[in-house]
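In each ligand, atom 1 is the first atom listed, and ligand 1 is the first ligand listed. The figures that follow rest on heavy atoms only: side chains count, while hydrogens, waters and symmetry mates do not.
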Amino acid sequence: MHVSIEPRVLYFGTPVVLVSTSNEDGSANLAPMSSAWWVGQSCMLGLDESSKTTENLIASGECVLNLASSALVGAVDRLALLTGTRVVPDHKLRKGYRFERHKFGAAGLSETASEVVRPPRVQECPVQLEAVVDRVHAFGEKDSGVVAVDVRVVRVHVEESLLVPGSRRHIDADRWDPLIMKFCEFYGDGRNLHPSKLAPAWGILGPTGAMTG
Ligand SMILES: Cc1cc2nc3c(=O)[nH]c(=O)nc-3n(C[C@H](O)[C@H](O)[C@H](O)COP(=O)(O)O)c2cc1C
């Protein structure tokens, strides 16, 4: 039997992407996001227009999409309630966000130079996609506060152990264990992995029906 409901969010499960961008002074910002989908060599990123990541993407036109494996869940959760925006917007203050200038350090992740774009890659991420912005679109209802950023991947870096043996073009799906965000909770290999700071900030009930985090 199906029931008709009004869910708090429609986050049924998408991979977590750590987006690195360059700030105006050349330092790096890093932010987790998961409203991402892919066609061909391009990716559409659904982003809060008040985020530092969005500002940097529009100003510089470049980023790296670092795909987080489930092993990186702790680092992702440490970034969950941080922003690179110095004056934290009200809607984030209410959820408990704070400004952090050194996101890589706060997460315990390391910067490594990119080859084509200026923002650094996340060394610990098994997949790192250097990308440039093609277009920025309005998204959702009027004044949603969300934009869709259309980026094109220009260089792909993959941890060698993920490749189908003997191939340089095929990733072995069995070897790649992406960190998945479902309803603000962290999953890998179909299992809940780690308490989520994001879930209580968004007022989402955890897997057991209890508030998590
Ligand atoms: C797992 C996870 C997934 C997230 N997904 C998104 C998303 O898809 N879009 C978005 O705008 N924010 C998303 N966020 C929230 C951003 O990380 C948050 O807005 C952050 O402050 C952005 O950092 P910035 O202001 O430095 O760019 C997500 C956070 C977490 C922890």
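Nearest-heavy-atom check against atom 9 (N) of ligand 1 across Pro15, Ser35, Gly46 picks out Gly46. The option from Lys182, Glu100, Lys95, Lys92 that lies nearest to atom 18 (C) of ligand 1, judged by heavy atoms, is Lys92.
Near Lys52, with a cut-off below 4.0 Å to any heavy atom, the atoms of ligand 1 are 24 (P), 25 (O), 26 (O), 27 (O). When each atom of ligand 1 is checked for a heavy atom of Lys103 under 4.0 Å away, the hits are 23 (O), 24 (P), 26 (O). The contact set between ligand 1 and Ser34, taken as ligand atoms under 4.0 Å from a residue heavy atom, comprises 3 (C), 4 (C), 5 (N), 6 (C), 7 (C), 8 (O). Atoms of ligand 1 lying under 4.0 Å from any heavy atom of Phe186, numbered from 1 in the order shown and given with element: 1 (C). Atom numbering of ligand 1 starts at 1 in the shown order; those under 4.0 Å from a heavy atom of Leu47 are 11 (O). Close approach to Ala80 involves these atoms of ligand 1, each under 4.0 Å from a residue heavy atom: 31 (C). Close approach to Ser51 involves these atoms of ligand 1, each under 4.0 Å from a residue heavy atom: 19 (O), 22 (C), 25 (O), 27 (O). Atoms of ligand 1 found under 4.0 Å from any heavy atom of Asn29, numbered from 1 in the order shown, are 24 (P), 26 (O), 27 (O).
In Lys197, neither the side chain nor the backbone holds a heavy atom less than 4.0 Å from any atom of ligand 1. Under 4.0 angstrom from ligand 1, the non-hydrogen atoms of Thr83 come from both its backbone and its side chain. For Leu82, every heavy-atom contact with ligand 1 shorter than 4.0 Å involves the backbone, none the side chain. Using a 4.0 Å cut-off between heavy atoms, Met181 contacts ligand 1 through its side chain alone, with no backbone atom that close.
The protein non-hydrogen atom at the shortest distance from atom 4 (C) of ligand 1 is Met33 CA, 3.4 Å. Nearest protein heavy-atom neighbour of atom 30 (C) of ligand 1: Leu198 CD2, 3.6 Å. Of all protein heavy atoms, the one lying nearest to atom 23 (O) of ligand 1 is Ala31 CB, 3.4 Å. When hydrogens are left out, the protein atom nearest atom 27 (O) of ligand 1 is Thr53 OG1, 2.5 Å; that is the closest non-hydrogen contact.
For Arg78, the CZ atom counts as densely surrounded, since its 6.0 Å shell holds more than 12 non-hydrogen atoms of other residues, nucleotides or ligands. In this structure, Glu115 places its CD atom where more than 12 heavy-atom neighbours from other residues, nucleotides or ligands lie under 6.0 Å away.
Considering backbone and side-chain N/O atoms, Pro32 comes within less than 3.5 Å of an N/O atom of ligand 1. Of the polar atoms of Asp48, at least one N or O is found under 3.5 Å from an N or O of ligand 1, judged by distance alone. Inclusion of Gly84 in the set of residues having an N or O under 3.5 Å from an N or O of ligand 1 is warranted.
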query = Where do Leu79 and Leu30 land on the side chain to side chain contact (heavy atoms under 4.5 Å, CB included) test, with the steps shown first?
reply = CA-CA 8 Å; Leu79 290 169; Leu30 185 65; 3.9 Å; yes
ask   = Val9 and Phe183: side chain to side chain contact (heavy atoms under 4.5 Å, CB included), yes or no, with the steps?
value = CA-CA 7 Å; Val9 292; Phe183 307 109; 4.1 Å; yes
request  = Start with the C-alpha distance between Ile180 and Thr14, add both sets of side-chain angles, then the distance that settles side chain to side chain contact (heavy atoms under 4.5 Å, CB included), and finish with yes or no.
outcome  = CA-CA 5 Å; Ile180 300 292; Thr14 42; 6.0 Å; no
request  = Show the numbers, then the answer: is there a side chain to side chain contact (heavy atoms under 4.5 Å, CB included) between Gln123 and Arg121?
outcome  = CA-CA 6 Å; Gln123 174 68 41; Arg121 295 177 275 153; over 6 Å; no
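No path of Ile, Leu, Val, Met, Phe, Trp and Tyr side chains, each step under 4.5 Å between heavy atoms, connects Phe104 with Met33, placing them in separate hydrophobic clusters. A single hydrophobic cluster is seen to contain both Leu162 and Val156, as judged by linkage of ILVMFWY side chains at heavy-atom distances under 4.5 Å, directly or through other members. Residues Val146 and Val151 are members of separate hydrophobic clusters, defined by side-chain heavy-atom contacts under 4.5 angstrom among Ile, Leu, Val, Met, Phe, Trp and Tyr. The hydrophobic cluster containing Met181 also contains Leu18, counting ILVMFWY residues as joined when their side-chain heavy atoms lie under 4.5 angstrom apart, directly or transitively. A single hydrophobic cluster is not seen to contain both Met44 and Tyr11; linkage of ILVMFWY side chains at heavy-atom distances under 4.5 Å, directly or through other members, places them apart.
Residue contacts with ligand 1 do not include Glu55, since none of its heavy atoms lies under 4.0 Å from the ligand.
Judged by distance alone, the side chain of Thr85 and the main-chain N or O of Val88 form no donor-acceptor pair under 3.5 Å.
With a 4.5 Å cut-off on side-chain heavy atoms, Ser114 and Val64 count as touching.
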